Amino acid sequence: MAVIGTIFTICGVGVGVVLGLVAGFVMFIYFEPDDVKDPRVRSVLELDKQALENLLPEIPLWVKNPDQEKVDWLNTFLDEMWPYLNKAVCKTIRSTAEPYITTYKSQYKLDSVEFLSLTLGTLPPTFVGMKVYETADDEMIFEVSIKWAGNPNIKLGVKAYGLKVTAQIVDFQLFLTARITMKPFVDVFPCFSNIHVSLMEKPHVDFGLKLLNADLMAIPGLHHFVQDYVKQMVASMYLWPKTYDIPILDTALHKKEPQGMLSVTVVKAHHLKNKDLLGKSDPYVMLRVGDSTRQTKTIMNNLNPEWNETLNIPVDDPDTESLDITVYDWDKVGSHDKLGIQVIQLKDLVPEQQQTFSLNLVKNLDPNDSSNQKNRGQITLELNYKPFKLEHHDLPEHHDSDDNEDGESTDTSPLVSKVPSKLTGPLVVPPGGGLLVVIIHYAEDLEGKHHTNPYVKITFRGEQRRTKAIKKSRDPRWDEEFEYTLEDPPHNDRLLLEVCSKSKNLIHSRETLGRVEIDLSDVVRNKRLNEKYQLWDSKSGKIQVELQWRSTGTVSRHFTIQDPSIFTQGYNNSGIY
């Protein structure tokens, strides 16, 4: 009976399948839906925007946006260079990750952390479009859109407490739009000194993460959480206007050295325009030469102010630069109103000679603008441009053959003593103004107990300045320059540099990584120092600092009297021959 039942079951299944196929065929033939139509063939030019997006969901940017350029040449170049770029980038990743690995090893008591495998794969990124901006500043700005669906193999091995764990990143995807700024332009190859990179929107980041050969991204909810976390973290660091700065050239190599000092005395102004509804304007003056700016004090409620304030501004090139004068009305709320402007070309000044200027303020520098005919007041200034003197360390000795028939020297140089055989000594700068330049280059082997986000605090004559902070770096590079305009040489001054670290850690928000004091008498004597200093209160930390002193005074000799009898005749009471 069992055999017979099995036979009937098989027969029933066979008959059912046949009947089902026949019924389906009949329904397909005789019950065709009425809304099925033959497709209409049209040219792409006849399609609207929505039809194009449905047809081509991934339209390239250079098709959708006319200002985006097609960069196939760049993709071809990148494809050829990718094997070499892969090795170079991986080498950079290793060197960049070493400080973090060292920090986390000691912090979490790990035995070892190493890269078991590090390669970006064989598939290079693809540039899908590029847009170039034209600006009046000394810079070049362009935006690039990049898509990368690569096959990297990044495997990290961690060993702790006798256990070894491996983590591997695979199937990496990255879609982003970045703005790249190259500035400033210089006359040294590659013709720009820094690269600044910003993200214009949150990037799309997707990757697979294997831990002990198990795919963690398969855990429900973890994949989206990790994606969102990485997007937020990257956006918080590099989303515009925040930037990732890449130094290309040492600023000290291409920066033009100042050629002199401009002393500007802002005397007074009168008949200024009133910008306040209640009361009178509160004027102050902003002075600019190149990248250097100075500002006077604010005089409250006065249309005829008298400042009588002297400001010193370094000058890089007196033949091309100008003094920009802007008078503002100070406001407690909102932006300050501009009362008027004027410009003085520095090439029109006579060096070492004080000149007085009384200028009519105008709205702008367009000579054809009729609004400049309106009275905006006048301003009076006194200008004195002092070129930096060339200090010679070796001056010629006095010889009898240089004297004329009357026994007087024909050499009118103030640098030569008439009795050098009796008076000798090194060159020094007498009391007079000058420019002290402090360049903080970089530091090495910084150590922080709680964090290492170093910046340098500079203290000189009671004034404090600071560099930018470099996040999570034991070998930061700043290359920042600070200028001090002084009335007299810093013979007896000391420069205090303190390397600090600041973090959002509420318990240990600020930490001192080391400090050093520099005697400035050496830089006055030698005019330039570029040395590496060992930091106090640090085991191995060092800092590279460059100092420059440029004097506007006349150079003379500091004499040592070998025979006092030479002063018994021929000298007056003031000690001048």
Side-chain angles (χ1 to χ4, degrees), residues 135-141 181-188 191-194 196 245 247-266 284-296 309-328 338 340-355 357 359 361-362 364-365 379 381-390 433-440 458 463 465 467-468 478-487 527-528 546-552:
T135 66
D137 297 331
D138 197 15
E139 63 184 5
M140 179 179 180
I141 303 176
T181 304
M182 297 183 294
K183 66 176 183 181
F185 292 151
V186 295
D187 55 0
V188 180
C191 301
F192 56 88
S193 59
N194 291 282
H196 308 276
D245 300 329
I248 303 298
L249 293 176
D250 188 349
T251 55
L253 296 178
H254 61 78
K255 182 176 177 61
K256 193 168 185 178
E257 296 181 346
Q259 302 298 310
M261 187 77 68
L262 179 64
S263 177
V264 183
T265 301
V266 183
Y284 69 89
V285 180
M286 180 72 72
L287 306 175
R288 177 185 293 273
V289 176
D291 296 331
S292 301
T293 59
R294 300 291 187 271
Q295 179 179 327
T296 67
E309 186 174 349
T310 301
L311 303 170
N312 295 316
I313 310 177
V315 177
D316 292 338
D317 189 352
D319 295 330
T320 60
E321 291 184 327
S322 61
L323 173 65
D324 299 335
I325 308 156
T326 309
V327 183
Y328 287 97
K338 186 184 296 184
I341 64 174
Q342 250 315 337
V343 172
I344 299 177
Q345 300 296 329
L346 298 187
K347 63 182 180 181
D348 298 333
L349 301 180
V350 179
E352 303 288 355
Q353 179 178 328
Q354 182 167 303
Q355 299 172 257
F357 293 83
L359 306 171
L361 297 174
V362 296
N364 54 59
L365 300 179
I379 187 170
L381 306 98
E382 295 177 353
L383 274 63
N384 189 357
Y385 173 65
K386 301 177 182 180
F388 289 138
K389 301 296 183 181
L390 178 62
L435 180 69
L436 175 66
V437 181
V438 180
I439 305 175
I440 309 297
I458 306 168
E463 180 183 357
R465 301 185 186 181
T467 67
K468 62 184 178 182
W478 296 281
D479 286 327
E480 292 192 41
E481 181 175 309
F482 302 88
E483 296 179 348
Y484 298 87
T485 54
L486 307 180
E487 298 294 335
K527 312 312 169 195
R528 181 178 180 271
E546 181 178 349
L547 302 173
Q548 299 175 8
W549 169 249
R550 293 185 164 270
S551 172
T552 58

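Predicted, not measured: the structure shown is a model, and the values here were computed from it.
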| query | So, Asp324 versus Ser322: side-chain donor-acceptor pair below 3.5 Å or not? | reply | yes
CD1 (Ile379) and CD1 (Ile341) are apart, to the nearest 0.5 Å, by 12.0 Å
Quick check: does any side chain N or O of Gln259 sit under 3.5 Å from a backbone N or O of Pro387, one acting as donor and the other as acceptor?
no
Applying ring-ring contact (aromatic ring centres under 6.0 Å, His included) to Tyr284 and not counting sequence neighbours gives Tyr328, His336
Here the gap from Thr293 atom OG1 to Ile313 atom CD1, rounded to the nearest 0.5 Å, amounts to 8.0 Å
Are Asp348 and Gln355 linked by a side-chain donor-acceptor pair shorter than 3.5 Å?
no
The reported gap from CG in Asn312 to CD in Glu487 (rounded to nearest 0.5 angstrom) is 5.0 Å
4.5 Å side-chain heavy-atom contact, Leu383 and Gln354: no
Keeping Trp549 on the side-chain end and Leu435 on the backbone end, is there a donor-acceptor pair under 3.5 Å? no
task = Output yes when a side-chain donor or acceptor of Arg294 lies under 3.5 Å from a complementary backbone atom of Val264, and no otherwise.
result = no
Notebook entry, point to check: Given Phe357 and Ile325, is the side-chain contact (heavy atoms from CB on, under 4.5 Å) satisfied, shown in steps?
Noted result: CA-CA 12 Å; Phe357 293 83; Ile325 308 156; over 6 Å; no
Practice problem: May I have the step-by-step check of side-chain contact (heavy atoms from CB on, under 4.5 Å) for Phe482 and Val437, ending in yes or no? | Solution: CA-CA 6 Å; Phe482 302 88; Val437 181; over 6 Å; no
Output for pair (Glu483 CD, Arg550 CZ), nearest 0.5 Å, gives 10.5 Å
>> In the structure I gave you, are the side-chain heavy atoms of Leu287 and Val289 within less than 4.5 Å of one another anywhere?
In response: no
Checklist line | Heavy-atom side-chain proximity of Val343 to Leu323 below 4.5 angstrom | finding: no
(Q) Could you check whether Arg528 pairs with Glu546 (Lys NZ or Arg NE/NH1/NH2 to Asp/Glu carboxylate O, under 4.0 Å)? (A) yes
The reported gap from CG in Leu262 to CG in Asn384 (rounded to nearest 0.5 angstrom) is 8.0 Å
Glu463 and Tyr484, any side-chain heavy atoms less than 4.5 Å apart
yes
* Glu480/Lys468 under side-chain contact (heavy atoms from CB on, under 4.5 Å): CA gap, chis, key distance, verdict -> CA-CA 8 Å; Glu480 292 192 41; Lys468 62 184 178 182; 2.8 Å; yes
* Going by heavy atoms in the side chains, are Thr320 and Leu346 under 4.5 Å from each other? -> no
What one should report as the nearest heavy-atom pair of Ser263 and Thr310 is OG-CG2, 3.5 Å
Item to complete: Evaluate the criterion side-chain contact (heavy atoms from CB on, under 4.5 Å) for residue pair Thr326 and Val285; output intermediate values, then yes/no.
Response: CA-CA 6 Å; Thr326 309; Val285 180; over 6 Å; no
Rounded to the nearest 0.5 Å, the CG atom of Asp317 sits from the NZ atom of Lys347 at a distance of 11.0 Å
Next on the checklist: Between Thr265 and Leu381, is there a side-chain heavy-atom distance shorter than 4.5 Å?
Outcome noted: no
_Is the shortest side-chain heavy-atom distance between Glu321 and Asp316 below 4.5 Å?_
yes
Notebook entry, point to check: Do Lys183 and Met140 have side chains that get closer than 4.5 Å, going by heavy atoms?
Noted result: no
